[in-house]
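Notes follow once the structure below has been shown.
In the text below, chain A, chain B and the rest are named by the order of the sequence lines, each starting its count at 1.
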Amino acid sequence: MKYIAMVDDSEFAIDVLDDGRRIELGGQEHDLEVKDVGSHRLFSLLLDHRSYEILIEPITDPDGGSRITGYWVLVEDKVYSVAIESLEHHLLSQVAVPLAPPREEVVVRAPMPGLVVSLAVTVGEHITTGQVLLVLESMKMENEVCAPCDGVVRAVHIVAGELVAGQKVLLRID
Amino acid sequence: MKYIAMVDDSEFAIDVLDDGRRIELGGQEHDLEVKDVGSHRLFSLLLDHRSYEILIEPITDPDGGSRITGYWVLVEDKVYSVAIESLEHHLLSQVAVPLAPPREEVVVRAPMPGLVVSLAVTVGEHITTGQVLLVLESMKMENEVCAPCDGVVRAVHIVAGELVAGQKVLLRID
Amino acid sequence: MFHKVLIANRGEVAVRLLRASRELGLRTVTVYSEVDRTALHVRYADEAYAIGTAAASDSYLRMDRILDVARKAQVGAIHPGYGFLAENPLFAQACLDAGFIFVGPRPKTLATLGNKIAARRLIASTGIPVVAGSERLTHDGESLFEPQGEDPVATARRIGFPVLVKAAAGGGGKGMRVVRSEEELPAALLFASRAAKASFGDGTVYLERLIAGVRHIEFQILADEQGHVIHLGERECSIQRRFQKLIEESPSTALDEELRARMGQAAVDVARAAGYLGAGTVEFLLDKTNQFYFLEVNPRLQVEHAVTEMVTGVDIVKEQLRVASGRRLRYEQEDIKPHGWAMECRILAEDPDDDFMPSTGKVSRLYEPSGPGVRVDSGIYEGFEVSPFYDSLISKLATWGEARPEALLRMLRALAEYRIVGIKTTIPFFQRILSSVRFMMGNLHTGFLEEAEPPVVDNDPAAPAVAAIAAAWMFHRQAKAPLLSQGSGDGSTQSNWKRSSRWRGAP
Amino acid sequence: MFHKVLIANRGEVAVRLLRASRELGLRTVTVYSEVDRTALHVRYADEAYAIGTAAASDSYLRMDRILDVARKAQVGAIHPGYGFLAENPLFAQACLDAGFIFVGPRPKTLATLGNKIAARRLIASTGIPVVAGSERLTHDGESLFEPQGEDPVATARRIGFPVLVKAAAGGGGKGMRVVRSEEELPAALLFASRAAKASFGDGTVYLERLIAGVRHIEFQILADEQGHVIHLGERECSIQRRFQKLIEESPSTALDEELRARMGQAAVDVARAAGYLGAGTVEFLLDKTNQFYFLEVNPRLQVEHAVTEMVTGVDIVKEQLRVASGRRLRYEQEDIKPHGWAMECRILAEDPDDDFMPSTGKVSRLYEPSGPGVRVDSGIYEGFEVSPFYDSLISKLATWGEARPEALLRMLRALAEYRIVGIKTTIPFFQRILSSVRFMMGNLHTGFLEEAEPPVVDNDPAAPAVAAIAAAWMFHRQAKAPLLSQGSGDGSTQSNWKRSSRWRGAP
């Protein structure tokens, strides 16, 4: 069974053979053995006897479905985001006309739980990428939350002095 | 709610109060807080601020039901077998006439997986408590499996040289 | 000696204190905030008492509640650890007034040393060189900066730019700012003062000359009630990020026997001048010409005390407890014979790839290194929830070697073994720093981390392919066994170990 | 030096060897049996190769397969650890013949020392006193014992009862039997011979006088190809159960400088007489009058090497690897300056409350001690399955202290922290021994454990009440929330941590 995996900008065409005990990549066959180590999605992987310890977590459809579109894979202290699809799907999607993504509202979320120490922008304000939007205190450190893009502040959902949960929507920009 | 707990030969009458946050034992009230630590049935218990780490596992009805009749509780490296019932049950069972347990067949199980190195008894043989029945090798050590009681060997389910799983029935005695 | 001690702290330092107390046969009492009910310091203690909600101001900083617990549990002494109330003279005095031994210096010493400006004045009077600086610049910590007394701009000009703005009540580098020109001064004063007010309850700041290329060298001291003072040699803590120490070692590559003896004597003199009692640290800056300058005294146990313990064999916490009970120091200066080399990395719950952003969440999987020459002082366990309420220091990893290279290679080995899954930590950062030639050469100074990006460690070049193969294997398996793929539901609940990677991708 | 090493072992020693190899920058290759696929030594290695089924004879003892892996992975050297093939001269020779460095003594040395009778003969010729004993008593290991040569009964009479029956090819106390009278001799010979055949493939046994009240004192030696031999001081291993060492320490309470120097010199002389290379141990018995007798040489790394590493600072495994590559020893005898005291407890998967019955199963929860002066060399992790196929040694816990009392109290502290749930271990046993006044006094001898039951440690007298209260609380909670009590289904699947308690209750 052939799959196309995208890691960063590299594309890997991988043929999973022999019930997952061998793979083919770039015209070469490799022995593979992947084994669960206890729970927590930790696996011991032997690739041609090279020993790796990896963590795998599924990535689901960004449109909100439960379909798996890839995996986060931790290899040697680095997390790789791997997008994956079967070769057929891949070929089909190649011929489809890519849609230009519509310009969308950008949501700024709290990167961690914490206290809003100060708020530097107001609704309607024009902002530029990298500009400090607010300061969030967590673990006794002040962290600056910066603008991810140029735009206009459309909504502010917090006030200074408020304690916010992680991932809470703080501001909306478009 | 009152309960009777039996630990070894001691009986404890315990009143669980205030939704489990206090208990009464021997006329004295104590503060209690029991908190889950992750999984694996590990709990942090504070009894009048004394800190204990305990493990709890249920013991079910020896007749095979799923009714809980007590708990194994690990406190400070020692496992206690605690039989428990509500006070009402306890009072009812007190008036019931205790049945003399019928003399039953005793089953000798493999205390661990291992290799049967030698077998010292045969069917029909009279044996006495403590007599060596067979030698089981595990972890490079030879372990003598001894008779738990006087009796006659009724059945032998293994042969020398056999590899047996843990808890396998080796012999029957009555 | 007292028989029962209250540990007025949490996290890894509380565990460290519990271990020392146990080894001395003392009964232990800890206090905890709501969110720390199942923290290690609660589980390890003989007794534990709740003292409030998660905010430190409502729990670990509540002197009244801590003293109530001390009375209720009938302890003989209170050990404050570091941070929280450790350097608070009011707390030390309150302990004494309530009849408890305070494991630390006398309140008067804390008061003098706690004010960095007063401490500088005291030490300057002994003839030991002090870094050039200003007097106090008061500020209410809220509105615009309105200096009293000396004019900050004139002072900064006198000292010479760049200058540092520091909190008078500070310590540990919190709230410090570098100012390179007059224009930057007002904003920096405001920021530092606000941070000082927030961290220490006192917005007073002062200016200090920033010397380039210096090393941070500190001496561990021990003093008893009978007036004996010794030092346990130096620690080098030049690897700092925004004035926060990250890597410490003992001894320092910069000191020879002669300089060590001179600086050690200066540290002992400082301790004597301050009427010191217990364990403490005298911090110096050492410039390129081997001139040293007094910086400040940290009147408490220090985060990096483990490296000194590893090279001297002295258990500083046990000695602290003994001395606090009135016993004499068990060592004369000549008994202290350092042996080998030790190094420590502070494992922080911060994401080094995302500007050291704090990382909270559940430690879903933990494997700690051990084996020869490795020491872990940790406050976490598998299943522990790292909360946003306290310091991000979750564990300290220290290694010992016969010489610096062995300690360093052992540290790299131990870092590779250390697995903390569920939160981001500084482990990969240390792997990069310790693999750099610059660090291996030992040519350290406090600007080390700013000088150049540490070289990226060559990851196995096959790693992306391995990730792709693992993903293909898993996709294949889950496609073949759709009944097993309930795991897909987890995809929507973001797990922590990859969350910060996602942050970088999209806001 | 070679760049890649094959570790022909498993468990905690394989992890120890991996750590040392990593610290030297060597690439590592491990081998594993079917049941060890996810063992730590596989997960830690750079490369891992399957070599057979669980039975050691089909995997870890398969020289051919191990050499195949060595060729395939192109290693420079093979480290056998201890146990398995470590002392096998055929394996050492086969490694050399195949072009690999064998990390251990020369094959000829192994052949001489491996036969305990030949070794005794060799050492007796140097003038070092040897315990009185017999020549070889051959036996085929299967049928009734038919001695060749000397008559065992006559020999035993000459030596004087009690005598020990020992395997000529043995080591580590396996298959030894005490014989107190002539009548017991035939059965003991048969048993010992069968055990020797099973363990070492050679049923040859011999008799040795059993001296009462002796201490087991051994010296760590290191030798290089250039002919330098040094010793790293002694270890005392008198705490034994059925000739299996359980607790080791360094130094020994029995030796003064003069005796240490004499015994150390004897150990070096033994090594020289045997043409020794690499790391090894010379074992002696020391009687009450401070006379010492040569016992045997263990020509390999030893389980208890950690205590020597902790007091000397020498990493014995790294030195082994360096010396094996042809380098000179980095130390002269005068460089070895022991510092403090170290102690080790062997954590075995055995139930000390049930006659040390092996305990297998899944390690469902694990918390390892750390902090100052603590070292853990472990081969297990949370979720690891302890199998019945290999040695029960799962971990070694060692502590260091400035002096013996500190090391001992630290060991008690570390044992109390150590949590291994899911299997039974010897931890509670060590807590009892180390809390005994007899052990604290240091008056040790090899019959220490037989002399009297170690005193039962006073458990908290409230523990049974705590158990009752916990049970009542849980019963109450589950009664109130019947929907949550699916956990009751677990009651029927016996979990391991309490299984052995149940064993005692009913067969």
- Item | Residue E23(C) versus chain D: region with a heavy atom under 4.5 Å | both
Quick check: do [X] and [Y] have side-chain heavy atoms less than 4.5 Å from each other?
X	Y	value
Y381(D)	R365(C)	yes
E382(C)	Y367(D)	no
K318(D)	E406(C)	yes

If I measure from the heavy atoms of chain C, does [X] come under 4.5 Å with its side chain, its backbone, both, or neither?
X	answer
T312(D)	backbone
L40(D)	side chain
R16(D)	side chain
K396(D)	neither
V314(D)	both
V374(D)	backbone

What option among [options] has the most heavy-atom pairs under 4.5 Å with chain C?
options	result
V317(D), L409(D), L24(D), V376(D)	V376(D)
G313(D), A398(D), P405(D), G371(D)	G371(D)
R19(D), H339(D), M310(D)	R19(D)

- Query: When heavy-atom pairs shorter than 4.5 Å are enumerated against chain D, which of K337(C), R43(C), R413(C) gives the highest number?
  - Reply: R413(C)
- Query: Should the pair R22(D)-E417(C) be classified as a salt bridge under the 4.0 Å nitrogen-to-oxygen rule?
  - Reply: no
- Y331(D) versus E402(C), side-chain donor and acceptor atoms under 3.5 Å: yes
- Give, for atom CD of E368(C) and atom OG of S378(D), the distance between the pair rounded to the nearest 0.5 Å.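 OG of S378(D) is found 12.0 Å from CD of E368(C).
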